[in-house]
Amino acid sequence: LPQGRASLNPHQPGLWAVPGALSPAECTSIVAAITSLTAGDAVQGVNGVPVRGPAAKPLPQNVAMSDASSVWEWFEYGHARRMVPLQPSCGINTSFALGPLSLLQSHNSTDARCWPLLASIPGDGGEALRAVERLPLELIPDISGRPPLFLQLQALQRGACVGAHVDEADVGGRAIATVVIYGGSEVRVGGTSFTVRPGDMYALTGEARDEIDHEVYAGQDDRLSITVRYGELLG
């Protein structure tokens, strides 16, 4: 497949691939930015790091973008699987934060308005992270025009997997794009399996997003990826 260009899978409707979406230098800068964002790859509940517990319900109405945290430690969600959430560059949608996102267990039902803001992450790593949000909008016709809802950083330890699933309709977004930062792995979407390497991006739209399951097989290396979830078409 051509590097840096989006290709629609000929066998699975709605499955897109963008090999080499990010350069090795961009991947390296993202790793450094995430290390800083997570206070040196700290993990909640480990070595005295507090757990960011579920927000009290109902959530308060008066949380401003300035209340976004500049640090967010990894949250262990499942065996050997860690997550960090980010608000999109434009900030989280308030109704979305007060509704479905407030119950999102993969981020321990925290208040999404307090998640780190993508636009505030500094340096080359911040620029590369913002490219992850922007590139699907520029390269993939099925995603163009959709607002970014939120981002998820995900670290899988060697030998761990993400089991077969279809993302939840209310919080999973209408289109999903994932880029691998390090640790190549095998991914299955419906009846199609493929290998993703550092810098590669793949996306699920339409049938691939809504009607069939997908999974990430266990790999021989630790894997770091970033997933961006997009909402309904605007206009």
L153 side chain near L37 side chain, heavy-atom distance below 4.5 Å: yes
Distance-only polar pair, side chains of D142 and T205, donor-acceptor under 3.5 Å: yes
May I have the list of side-chain donor-acceptor pairs in residues 91-98 shorter than 3.5 Å, sequence neighbours left out?
unit_1	atom_1	unit_2	atom_2	d
N93	OD1	S95	N	3.1
N93	OD1	F96	N	2.9

Heavy atoms of other groups near H11 NE2, more than 12 under 6.0 Å: no
Co-members of Y77 in a cluster of I, L, V, M, F, W and Y side chains, linked at under 4.5 Å: F75, M83
R223 side chain to S185 side chain, donor-acceptor N/O pair below 3.5 angstrom: yes
Any side-chain heavy-atom pair of E168 and P100 under 4.5 Å: no
Residues, nucleotides or ligands: over 12 heavy atoms within 6.0 Å of Q105 CD: no
Parallel, tilted or perpendicular, as decided by the 30° and 60° cut-offs, for the rings of H107 and F150: perpendicular
Modelled atom types, side-chain donor and acceptor of T38 and E73, under 3.5 Å: no
Exam field: side chain Q87 to backbone R113, donor-acceptor pair closer than 3.5 Å: yes
4.5 Å side-chain heavy-atom contact, E215 and C161: no
